[in-house]
Structure formats: C-alpha cells, structure tokens
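Have a look at the structure below, then the notes.
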Amino acid sequence: MLLEYIKQPWPWYISGPLIALVMYLLLKQGKDFGMSNNLRTMCTVLGAGKSSSFFRFDWKTQSWNLLVVLGTAIGGFIAHYFLSDGSAAQINAKSVADLKELGIIDHLQGYLPESIFVFNGSWFQFLILSIGGLLIGFGTRYAGGCSSGHAISGLSNFQLPSLIAVIGFFIGGIIMVHFLFPLIFA
C-alpha cells in the first residue's frame, strides 16, 4: 500500500510542505540551497583555485551541499529503477500536439524528447546543445545562482535579486518556447 503511494506523483499539499520544511531547516542553519554552487565547489576540490581566484575559498564549508548532489543522484536512481513502472510520463495533450507541430517529438518515453536530448552526432544538435550550455553557465554565474537556488532558497529568504531573477527565468522561458523554438526547429 505505502509503496504504491510512493510510486505515484505526489500532490502539491504533500511535496510543497516537505520542500518548505527542508528550506526552514537549511535557513535555521544559515545555509542556502542551490545546485550551481556545487560546480564551484567541485572545481575547487579538483584544484581550479590554482588558476582563478574565484575558486579560492574553503570548500569544506560547502561539503554539506555536495551531499545534496549525491542524494539527488541516488534518489533519482532509486526512483527510476525501483519506484517507476516504466510507463511514459503523462503530458498534457495540447503540449504533445504543440511538440508534434514543431517536429520535435518522438516516442516521448519520458519528459525529454529524444530528438533533442539524445546526441545523434549532428553538428546542428552539437551547436544547439553547446550554445545552450554556455548560456546556462553564463546566466547562472551572472545571476548569482541557478533557478532552483533563486526560486526556492532566495525567495524563501525574501531576497529581491532572487525575485528579479525568477521573473527573468519565466520571461526567458516564454520567449524561448513561443518565439525561438519555432525559429530554430521550423
């Protein structure tokens, strides 16, 4: 009974308070949640501080956040291999129709169309993924954190820069989906 409940998507009134509880516990300890900080920490651990002052800091103070990454990877593995029945994700029929119209949908065995996210060796796909990765990396550094850090931790802390960043994320997403996707994949 409990296992069947865990396998189902959890409603907002369960997952939302759990996220709020985690944020409360982190804020009580003076810690900020965000995944992009882990990249800086990992680069520092690997010696990037020898070539850039940005990576010269006491990474051990952020080691707790590396456990978050490890837990995320382990949790994803467990969810995929032990708590999933293997069926395709349930996506809104209008979204599926829009993706088909753009020509970027395939079997849709998950949330990500394989035609975009599984590298097929084409230069176009390599260029799109490379530019996207560079823009995400630049944007994360320029905004002072990633979308999860700003949206969850920053807004929980009532930080105005996080509110501005989250509004920017939504505007950027709207521009991408409604204006740039049709140009790129037409």
Side-chain angles (χ1 to χ4, degrees), residues 1-39 62 64-102 104-118 132-133 136 139-140 143-182 185:
M1 173 75 178
L2 178 64
L3 187 59
E4 287 305 314
Y5 184 75
I6 290 174
K7 287 184 177 183
Q8 302 302 315
W10 291 4
W12 65 268
Y13 52 84
I14 292 178
S15 54
L18 286 174
I19 292 170
L21 175 65
V22 169
M23 284 313 308
Y24 173 76
L25 294 172
L26 286 173
L27 290 173
K28 286 291 279 183
Q29 295 181 18
K31 301 192 182 309
D32 290 327
F33 173 78
M35 296 306 270
S36 62
N37 288 336
N38 290 305
L39 182 58
Q62 292 296 313
W64 69 271
N65 213 2
L66 292 174
L67 290 175
V68 172
V69 173
L70 181 64
T72 301
I74 292 170
F77 178 84
I78 291 170
H80 178 74
Y81 288 103
F82 300 108
L83 300 177
S84 173
D85 62 3
S87 63
Q90 295 177 0
I91 298 176
N92 184 293
K94 176 139 177 41
S95 296
V96 171
D98 288 345
L99 289 170
K100 283 183 180 178
E101 185 178 317
L102 290 171
I104 58 172
I105 195 168
D106 39 38
H107 305 9
L108 204 61
Q109 294 301 311
Y111 289 105
L112 306 174
E114 286 184 16
S115 57
I116 296 177
F117 295 99
V118 173
I136 288 172
T140 299
C146 61
S147 55
S148 60
H150 279 298
I152 298 172
S153 187
L155 291 180
S156 297
N157 245 347
F158 299 111
Q159 295 177 1
L160 181 60
S162 290
L163 177 62
I164 294 168
V166 169
I167 290 170
F169 298 149
F170 276 93
I171 291 171
I174 289 169
I175 290 170
M176 182 65 197
V177 168
H178 292 289
F179 300 110
L180 297 178
F181 252 40
F185 297 104

Leu21 side, atom CG; Leu25 side, atom CG - distance, nearest 0.5 Å = 4.5 Å
query = If you measure from OH on Tyr24 to CD on Gln29, what distance do you get to the nearest 0.5 Å?
reply = 11.0 Å
remark   = For Lys28, the salt bridge (charged side-chain N to carboxylate O under 4.0 Å, His left out) test, sequence neighbours excluded, returns none
With sequence neighbours excluded, tell me which residues meet side chain to side chain contact (heavy atoms under 4.5 Å, CB included) with [X].
X	value
Leu39	Cys43
Asn65	Asn37, Asn38, Gln62, Val68
Leu18	Trp10, Ile14
Phe179	Ile175

request  = Could you give me the CA-CA distance, side-chain angles and deciding distance for Trp64 and Leu26, then say whether side-chain contact (heavy atoms from CB on, under 4.5 Å) is met?
outcome  = CA-CA 11 Å; Trp64 69 271; Leu26 286 173; 3.6 Å; yes
inquiry  = Donor-acceptor pair, distance only, cut-off 3.5 Å: does the side chain of Asn157 make one with the backbone of Gln159?
reply    = no
inquiry  = Strictly by side chain to side chain donor-acceptor pair (under 3.5 Å), give each pair with a member in residues 145-155 just once, sequence neighbours left out.
reply    = His150-Ser162
key: Nearest atoms (heavy-atom pairs only) where Ser36 meets Thr140   =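 Heavy atoms only, the tightest pair is CB-CG2, 3.3 Å.
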